[in-house]
Amino acid sequence: MTMTSERRLMGNTFGYADLCQHAAACVLTKADRRALVDHIQRADMIGTGAFEMLARLLGMKLLYATVLDDGKINPKAATGGSRVTYAIDDEERQTGRLFHYDEFAEEDIGIHVGSLLGATLIGMKADTRVPFLEADGTFRRAHLLSVDRIQA
């Protein structure tokens, strides 16, 4: 991350270029990439408000993120099924499992990748900070603290 983008993140002033930079820094599995297409199609069917923003955010990830075979991805990258610990605006730590459909365990707090938070976290690497687009169009800052992935 460049000093300029860090200043923008710290100052809570974000824009399209920041979201592109975030998407380009992400790494997706092939399985995650396939699921993102489904999420985009569902968001496009609704097509307004937060769903329009969600489709654009996920579309950027499809366009700019690196895609690797499922077994070759860095274990610090958040993928579908990962348990992630994160903080929004450096507030209280929260933990949940990223999921695309209904595959997360009932005892877990799930973070659907088809939500703005899930779309932000998918593909991120642990210990990174990125813009988090809210449903009202404003930005906050998401910090991915750690990733625990299920090893196949």
Side-chain angles (χ1 to χ4, degrees), residues 1-2 4-67 73 77-149:
M1 183 175 307
T2 67
T4 302
S5 62
E6 183 64 26
R7 257 189 242 115
R8 280 189 291 221
L9 290 175
M10 297 303 285
N12 252 5
T13 303
F14 304 104
Y16 180 79
D18 296 302
L19 292 177
C20 288
Q21 182 180 8
H22 164 53
C26 287
V27 179
L28 300 172
T29 66
K30 288 182 179 181
D32 287 331
R33 179 181 62 185
R34 286 187 298 272
L36 291 190
V37 172
D38 292 339
H39 300 317
I40 291 169
Q41 289 173 340
R42 276 193 293 281
D44 277 342
M45 286 191 323
I46 298 169
T48 59
F51 292 101
E52 184 177 2
M53 292 184 284
L54 174 64
R56 287 184 181 174
L57 178 58
L58 290 173
M60 281 187 216
K61 291 218 176 176
L62 283 179
L63 184 62
Y64 296 115
T66 300
V67 178
I73 198 157
T79 62
S82 297
R83 177 180 293 283
V84 295
T85 301
Y86 64 96
I88 304 297
D89 293 335
D90 293 324
E91 293 176 3
E92 183 179 333
R93 291 174 174 234
Q94 300 177 60
T95 299
R97 187 169 306 278
L98 289 173
F99 72 99
H100 292 291
Y101 305 106
D102 294 327
E103 73 272 9
F104 71 99
E106 289 184 19
E107 68 273 6
D108 286 334
I109 296 172
I111 303 167
H112 196 283
V113 177
S115 69
L116 290 171
L117 177 60
T120 299
L121 295 173
I122 194 78
M124 282 179 66
K125 293 178 190 123
D127 201 30
T128 57
R129 298 172 194 266
V130 299
F132 168 46
L133 179 61
E134 297 255 275
D136 65 1
T138 62
F139 287 94
R140 296 176 73 189
R141 182 179 51 177
H143 181 189
L144 182 59
L145 300 163
S146 66
V147 175
D148 181 24
R149 293 218 335 256

Gap between atom CG of L133 and atom OG1 of T138 - 0.5 Å precision: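 So the gap between those two atoms works out to 7.5 Å.
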Between CG of L28 and CG of L36, what distance do you get to the nearest 0.5 Å? 5.5 Å
Tell me, please, which residues at least two apart from S82 pass side-chain hydrogen bond (donor to acceptor under 3.5 Å, both in side chains).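 side-chain hydrogen bond (donor to acceptor under 3.5 Å, both in side chains) list for S82, sorted by chain: T79.
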Quick one: list whatever passes side-chain hydrogen bond (donor to acceptor under 3.5 Å, both in side chains) with D127, sequence neighbours left out. H143
All salt bridge (Lys or Arg N to Asp or Glu O under 4.0 Å) counterparts of [X], not counting sequence neighbours:
X    : answer
K125 : none
R34  : none
E91  : R140

Between [X] and [Y], which heavy-atom pair has the shortest distance, and what is it?
X    : Y    : value
A78  : L98  : CB-CD1, 3.7 Å
S115 : I111 : OG-CG2, 4.4 Å
I40  : G59  : CD1-N, 3.6 Å

Contacts under 3.5 angstrom, residues 41-58 side chains, donor-acceptor by atom type, not counting sequence neighbours:
unit_1 : atom_1 : unit_2 : atom_2 : d
R42    : NH2    : H39    : ND1    : 2.9
E52    : OE2    : R56    : NH2    : 3.2

Flag side-chain contact, heavy atom, 4.5 Å: [X] against [Y]:
X   : Y    : answer
I88 : L117 : yes
H22 : T128 : no
D38 : H100 : no

Give the C-alpha distance, both sets of side-chain angles, the deciding distance and a yes or no for side chain to side chain contact (heavy atoms under 4.5 Å, CB included) between R33 and K61. CA-CA 9 Å; R33 179 181 62 185; K61 291 218 176 176; over 6 Å; no
From the options T120, L121, T95, V147, select the one residue that forms a side chain to side chain contact (heavy atoms under 4.5 Å, CB included) with Y86. L121
Just by modelled atom types, is the G81 backbone N or O under 3.5 Å from a matching donor or acceptor in the R97 side chain? yes
Using the rule given for side chain to side chain contact (heavy atoms under 4.5 Å, CB included), can you reason through F99 versus H112, listing the C-alpha separation, both sets of side-chain angles and the distance that settles it, and then say yes or no? CA-CA 5 Å; F99 72 99; H112 196 283; 3.2 Å; yes
